[in-house]
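The sequence lines fix the lettering, A, B, ..., with proteins before strands; numbering per chain opens at 1.
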Amino acid sequence: MIQLFNVCKAYQRDQNALSDVTLKIEKGEFVYLTGPSGAGKSTLLKLLYCAERPTRGQILVNGRNITRYGAARIPYLRRNLGIIFQDFKLLIRRTVFENVAFPLEVQGRKRFEISKKVYQTLKNVGLEHRLNYYPLQLSGGEQQRVAVARALVVDPLILLADEPTGNLDPEVTLDIMELFKSANARGTTIIMATHNRNLIQQFPRRIVSLAAGSIALDDWPQFRSPAGLTGRP
Amino acid sequence: MVLRAGYFLKRALRNMRQSPVLSLASVATIAVALALLAFFAIAVLNVQQLTASWGETLAIVAYLDDVPDDKIVKGWVDDIESYPEVAKVTFVSRNAAFERFRKRLGDDADLIEGLGPEVLPASLEISFADDWRNEAAIASVVERLRKDHRFNDLQYGQGWLEKLEAFLLLLRVSGSALGGFLIFAALVIVANTIKLTLYVRQDELEAMAMVGGTSLFIKLPYLVEGALQGLLGGVTALGLSFLVFQVVLQKSLGSLLLITGIDTIHFLPPVWQGMLVVGGSLIGLLGSLFALRKFVRFGSS
Ligand SMILES: Nc1ncnc2c1ncn2[C@@H]1O[C@H](COP(=O)(O)OP(=O)(O)OP(=O)(O)O)[C@@H](O)[C@H]1O
Ligand SMILES: [Mg+2]
């Protein structure tokens, strides 16, 4: 589903945010992307949705080489992706409902279909009572849930989530994780950048750990869960 | 992508509602530029009409010292009418001239009480064919009249036509230059105004691009917005120039201008009115196109 070959990204000369990253993620996988701040997690995700171009290397998504995608093809790539941005990127002049409806509008879906789907998705994230609020009238956690809903509303092939639980209390975090898990069960490939160790312990999945732009670790969690089982299935 | 006109129109109107001051600024800029242009067009149009109507009455009048008998007059008329430049030659006898004079005086006809037709000369009025109403043709006919018939008392437009035509040319050139400048200025101002609204909505444009909006899908509402503002500007310009035309030109200046022989001042013909409105829309459209050029990007590299 996703393959990176020797990918480098330098925002400035001689300063690699990512260096020589080679990575393969199969369809239907759930992968945590971890690593200290500045390690290059967001950069890696940005390369996958073409917000940045690699300085070197090749990137394949869903069987297509997106390395040199231009403005004409990027939108169609993004329609297969659900993206949760670290800074949400909500439309502040649109209501919660309109924000979540927007990716469907872009795809030219029918109005009644949009309404139904949006309502259902907002209900899943527990925001059905905030339909007509504007993003700035919501708490940080609620905004984050709107961002989650907007990413999931399109039933994406791949979900790219950059710190999707950063502002959430543990309870809501679990709710969101349940949503991700059920999307994952329906076939969505998930890459989730996170610092949340507890979360990884609770839902052990493959971990790709970055350090200073390189993959430091790519494995399943090696720790004992409370039941005394290892994380590996 | 399915083009849903209503959807884009709705988004455009919504954008305009959200920044009414900037929208109004665009509309006003286009309106002012086009109204100035319309005034110029009205001036050119009317001067043009004036030269045309003066040209129609263009004639040479040959005054006859003695009145020869009808046969000789008839010979002259036929001869002069055979000139290619000449459309018609009319003999105006002393009686006819006197009668015309009396009529023109109207209420003041008592001024010529006691005078007879002998005070006025008879004349030949020579009018020109459509294609020959110019200075050169007049000169050539005058020369032949002098040579062939020894008519010496000739009266004709002495250079005014050329001057008027030169004035018209000046008006047209300066009008075009000013118009070009005004349109360019309007374009730049509109582009910058729309750019301001785009700055405000930069996050929105980015978010749209991130969820898979195509370039056209993102831009179209702004293009519609520009065109709408241009349309409004064009209509405002039309209304404004019509108002000024009605109030200033027709009511106040009308009677003044009558003296110079201009009896009706014309407004822009319907086609020009249409062009003004269409032109406004085009300015708005191009303005937003310029503004959008650098704005909608899909990545930073
Ligand atoms: N637009 C940019 N221009 C220049 N340098 C950048 C840019 N974005 C990121 N960087 C640099 O690239 C490196 C990796 O940044 P990135 O945002 O990928 O880190 P991260 O792992 O997501 O960190 P965090 O956990 O804090 O979100 C950092 O050193 C950062 O300064
Ligand atoms: Mg980050």
Under 4.5 Å from a heavy atom of chain B, the part of [X] involved:
{"X": "A:Arg93", "answer": "both"}
{"X": "A:Arg73", "answer": "neither"}
{"X": "A:Phe88", "answer": "neither"}
{"X": "A:Gln107", "answer": "neither"}

message: If we check side chain to side chain contact (heavy atoms under 4.5 Å, CB included) with A:Gln143, which of these qualifies: A:Ile92, A:Leu138, A:Val148, A:Val96?
response: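 Among A:Ile92, A:Leu138, A:Val148, A:Val96, the one that satisfies the side chain to side chain contact (heavy atoms under 4.5 Å, CB included) with A:Gln143 is A:Leu138.
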Q.
Please classify the contact between B:Arg14 and chain A as side chain, backbone, both or neither, with a heavy-atom cut-off of under 4.5 Å.
A.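 The answer is the side chain of B:Arg14.
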Cation-pi check, [X] to [Y]: give yes when NZ or CZ is under 6.0 Å from the six-membered ring centre and within 45° of the ring axis, no otherwise.
{"X": "A:Lys9", "Y": "A:Tyr11", "answer": "yes"}
{"X": "B:Arg11", "Y": "B:Tyr222", "answer": "no"}
{"X": "B:Arg293", "Y": "B:Phe290", "answer": "no"}

- Message: Below 30° counts as parallel, above 60° as perpendicular, anything between as tilted: where do the rings of A:Phe30 and A:Phe180 land?
- Response: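 Rings of A:Phe30 and A:Phe180: tilted, as their planes differ by 30° to 60°.
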